[in-house]
Amino acid sequence: MPAAEPSATAKPQASDAHGAYLAYRRRTTVRVGILLALAAVVAVVFVYSLTVGPIPFTFSEVLHALFNPGEDSQLATVVNDLRLPPALIAVLVGAALSLAGMQMQTILNNPLAEPFTLGISAAAALGASVMIVTGIALPVIPHFTLPVAATVAALAASGTIAAVARMRSVTKETVVLLGIALVFTCQALLALMQYRATTESLQQIVFWSMGSTMRGTWPAVYTVGLALLVATPLFWINGWRLTAITLGDSRAAAMGVNISAVRSWTLIGVSVLAALSVAFVGIIGFIGLVGPHIARSLVGEDQRFLIPASLLTGAALLSGAHVASQLLVPGVALPVGIVTALVGVPVFLSILLQRHRSALKGAA
């Protein structure tokens with residue numbers, strides 16, 4: 001008998017699969033190129049942030065101070081001891097807040113979610129302020145009293161948000177309104193703390209409420225850096241689960257994702273990142289909102305690329321705000337929280353307007 005001829009659809013199917021593979025490779029190459037470009041932007045802005053200050057330096061002077069500190073000890077002292085910790089904390093806190101905001105938007109399926117808008121940052125600042133006013137210190141690790149208090153308060157706020165978000169009748173807008181209510185509640189309690197505080201304590205509380213990278217220290221750099229080193233791989237391991245959640249709870253559950261567990265652990269990681277950021281630099285808003293949206297517009301929802309893109313965009317944004325805070329008013333370092341708010345509020349309003357237009361089109 002003659003051999004059976006191959007099916008007429010075999011070649012088109014193979015061609016379609018090959019075309020899809022090539023398209024996937026092209027998208028991956030483009031995304032990797034975007035990540036490399038973002039990393040280059042972060043590096044340039046970071047080095048530039050070391051050149052600005054009361055005494056301006058050139059790029060070459062900064063590089064010599066970093067890699068050849070013995071040539072000019074005075075220059076090395078200014079760059080490495082005075083400017084390097086604030087510049088590093090700006091990069092790390094920006095990355096932490098952007099990553100936290102991105103994961104909150106993912107698990108709550110809400111583009112407006114981030115530690116600042118949902119009250120987690122305000123709760124963390126309140127926890128730290130209570131310790132400042134009362135003078136309570138941990139017996140074994142007194143230097144970590146503020147980070148621990150901020151983390152506990154942030155976890156309490158996250159738990160409240162998570163509990164409400166799980167209710168069937170609760171909408172995305174309700175979660176945002178709850179966050180706004182938490183912000184106002186924490187701000188009212190912060191005002192009460194300020195009313196009762198001494199002059200010295202009041203200055204510290206004002207610092208927390210405005211946000212500043214200029215008080216960055218090496219312990220702060222190590223602590224926030226360690227938190228990122230622990231949280232980022234955990235988010236990466238759960239990346240496919242978090243990506244599945246963006247498709248909807250029913251689809252994610254059908255894929256075998258334990259939605260409740262993923263949301264709980266993610267909220268814990270988000271709370272720790274936000275709390276440590278607030279404990280060391282104060283309340284800095286909208287980095288967790290703007291950074292993830294820029295990252296999504298560049299690389300999409302795939303967590304394999306979205307996680308590093310969010311880290312890099314947040315680092316670039318806060319590092320740039322750190323530079324701007326020193327250049328807007330010559331001779332004065334403005335609180336960086338003011339700069340980020342000036343940028344973040346228009347973005348927040350644009351997202352609200354875009355969602356309103358989408359709702360009107362859907363109704364039509």
Minimum-distance pair of heavy atoms, taken over all atoms of [X] and [Y]:
X    : Y    : result
P233 : L229 : CD-O, 2.9 Å
G101 : P292 : C-CG, 4.0 Å
V45  : S319 : CG1-OG, 3.4 Å
A87  : L50  : CB-CD2, 3.7 Å
G216 : I89  : CA-CG2, 4.0 Å
V339 : A324 : CG1-CB, 4.2 Å

Would you give the length of the straight line joining atom [atom1] of [X] to atom [atom2] of [Y], rounded to the nearest 0.5 angstrom?
X    : Y    : atom1 : atom2 : answer
I136 : L146 : CD1   : CG    : 11.5 Å
M210 : I338 : CE    : CD1   : 4.0 Å
I205 : R196 : CD1   : CZ    : 10.5 Å
R263 : L242 : CZ    : CG    : 10.0 Å
T28  : D302 : OG1   : CG    : 8.0 Å
I34  : S297 : CD1   : OG    : 8.5 Å

Consider side-chain contact (heavy atoms from CB on, under 4.5 Å). Of L318, V290, L289, which one does T340 pass it with?
L318

Between T246 and T243, is the side chain to side chain donor-acceptor pair (under 3.5 Å) condition met? List the steps.
CA-CA 5 Å; T246 62; T243 303; 5.7 Å; no

Side-chain heavy atoms of [X] within contact of [Y], under 4.5 Å:
X    : Y    : answer
F57  : L75  : yes
L118 : N110 : no
V148 : L138 : yes
T58  : T51  : no
L317 : I294 : yes
F116 : L97  : no
T266 : N238 : no
T232 : L99  : yes

Please assess W240 against R304 for the test side chain to side chain contact (heavy atoms under 4.5 Å, CB included), listing each intermediate value before the final yes or no.
CA-CA 8 Å; W240 73 270; R304 295 175 299 171; over 6 Å; no

Quick check against the 3.5 Å criterion: does [X] have a side-chain atom that pairs as donor or acceptor with the backbone of [Y]?
X    : Y    : value
R241 : V257 : no
H293 : P111 : yes
N68  : H64  : no
S98  : L311 : no

Joint hydrophobic cluster, [X] plus [Y], side-chain heavy atoms closer than 4.5 Å:
X    : Y    : answer
L234 : L155 : no
L66  : W218 : yes
L36  : V42  : yes
V183 : V278 : no
M102 : I237 : no

Examine the side chains of [X] and [Y] and answer whether a donor and an acceptor come within less than 3.5 Å of each other.
X    : Y    : value
E114 : Q103 : no
Q105 : R296 : yes
T313 : S310 : no
H322 : S49  : no

Taking side-chain hydrogen bond (donor to acceptor under 3.5 Å, both in side chains) as the definition, give me every residue that meets it alongside R25, ordered by chain and number, with sequence neighbours left out.
Y21

Atom CZ of F184 with >12 non-hydrogen neighbours under 6.0 angstrom:
no

Quick one: ring pair (Phe, Tyr, Trp, His ring centres under 6.0 Å) partners of F280, sequence neighbours excluded?
none

May I have the step-by-step check of side chain to side chain contact (heavy atoms under 4.5 Å, CB included) for R83 and I55, ending in yes or no?
CA-CA 11 Å; R83 297 190 182 180; I55 305 175; 4.0 Å; yes

Might you work through the side chain to side chain contact (heavy atoms under 4.5 Å, CB included) test for L334 and Q326, ending with a clear yes or no?
CA-CA 6 Å; L334 294 176; Q326 300 177 76; over 6 Å; no

Would I161 and I120 count as a side chain to side chain contact (heavy atoms under 4.5 Å, CB included) here? Give the steps.
CA-CA 9 Å; I161 293 169; I120 295 178; 4.2 Å; yes

